[in-house]
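Step one of this worksheet: look at the structure below.
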There are 4 protein chains.
Amino acid sequence: MESENTLRRLKTIEGHLRGIIRMVEADEYCIDIIRQIQAVDAALNKVSTQILDNHLNTCVITAIKGNNVKEREKVIKEITEVFEMSAKV
Amino acid sequence: MESENTLRRLKTIEGHLRGIIRMVEADEYCIDIIRQIQAVDAALNKVSTQILDNHLNTCVITAIKGNNVKEREKVIKEITEVFEMSAKV
Amino acid sequence: MESENTLRRLKTIEGHLRGIIRMVEADEYCIDIIRQIQAVDAALNKVSTQILDNHLNTCVITAIKGNNVKEREKVIKEITEVFEMSAKV
Amino acid sequence: MESENTLRRLKTIEGHLRGIIRMVEADEYCIDIIRQIQAVDAALNKVSTQILDNHLNTCVITAIKGNNVKEREKVIKEITEVFEMSAKV
């Protein structure tokens, strides 16, 4: 199942984030902490991409093949919005 | 026409970029130059989003409504790829 | 203390991430999940910026005022590297 | 000279951008255009990083070694600001 893989990745990221919290508590070197935060960022981007891919292959195909114009416009607008946001975060 | 708007934005960005080149030639303050480059980046992201929106409303709808499974898979894969890349640049 | 604030923010992000995990477990709408991941991304960027600001005001000032050229070059190179990476993640 | 290299890179990017404008005029495939815009984004990030590196090795060292506290605070604040922005564009 697709979401099993997504869940596993998110739980790994949660563990990574807890490691970063321990680094801050142990007063580790700032740059090392920033690099770990950037690694978490990159991992989150991979999860988002995976979720979007799944979304395109299910909901979006269904909405576009369907006859509900409003629903079709909605799913397309959402993709555009998360794409625009992804360049900003 | 959609591409008229895209063209106009891109030409504005080209003018902005030429302004940045003149700033470097005039040896202006580094941070001011970096801020202008970041403004160009943000403007390019808006153009990309506009192009993607247009693409979703034309080619992607056609491909998904069509019967060519390979074509459908191709357009979906492309969206996933540009989404993943947008988080990296 | 600066790191108290950083810690508090990171723990808030950890809670946010656990909320996302529950959303995936509850099979919530893909786009809503992606938006929450993007919110976590934005929050992580703020923490990184705060840590960098603290680093510049402590280690970097000490290294640049000091007489160890190698150490000075190291801290400058590190800032350049995390800056370059921040545009990619 | 450092800025020669920066100028050369920016002029190459300007040429790249003009190529993208021609692609839009020729009504080329949307995804190909988005990919070229993303390549320009990545190239701009490299130029920004190069300019920041130069800035750190000149103005920032001078300001931090100097006795003007306000100037020192200003250069540090600027680095933090462009770092925060770089994650957003």
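Letters A, B, ... are given to chains in the order of the sequence lines, protein chains preceding strands, and every chain is numbered from 1. Because the structure is a prediction, the values reported are computed rather than measured.
A salt bridge links R18(C) to E14(C): one of the charged nitrogens lies within less than 4.0 Å of a carboxylate oxygen. Residues E4(C) and R9(C) are not paired through a salt bridge, judged by the lack of any N-O separation under 4.0 Å between the basic side chain and the carboxylate. A salt bridge links K77(A) with E81(A): the closest approach of a Lys/Arg side-chain nitrogen to an acidic carboxylate oxygen falls below 4.0 angstrom.
Taking C59(A), S48(A), A43(A), A39(A) one by one and counting their heavy-atom pairs under 4.5 Å with chain C, the maximum is reached by S48(A). For chain C, the option among I31(A), I51(A), V24(A) with the highest count of heavy-atom pairs below 4.5 Å is I31(A). Most heavy-atom pairs under 4.5 Å with chain A, from the set D41(C), V40(C), I37(C): that is D41(C).
Side chains of K88(C) and E84(C) form a contact here, defined as non-hydrogen atoms less than 4.5 Å apart. Within the 4.5 Å cutoff, the side chain of E78(A) has heavy atoms near those of the H55(A) side chain.
For I33(C), the part lying under 4.5 angstrom from a heavy atom of chain A is the side chain only. Heavy atoms closer than 4.5 Å to chain C are found nowhere in K46(A), neither backbone nor side chain. Neither the backbone nor the side chain of T58(C) comes within less than 4.5 Å of any heavy atom in chain A. If you measure heavy-atom distances from L17(A) to chain C, the contacts under 4.5 Å come from the side chain alone.
A donor-acceptor contact under 3.5 angstrom links the side chains of T6(A) and Q50(A), judged on distance only.
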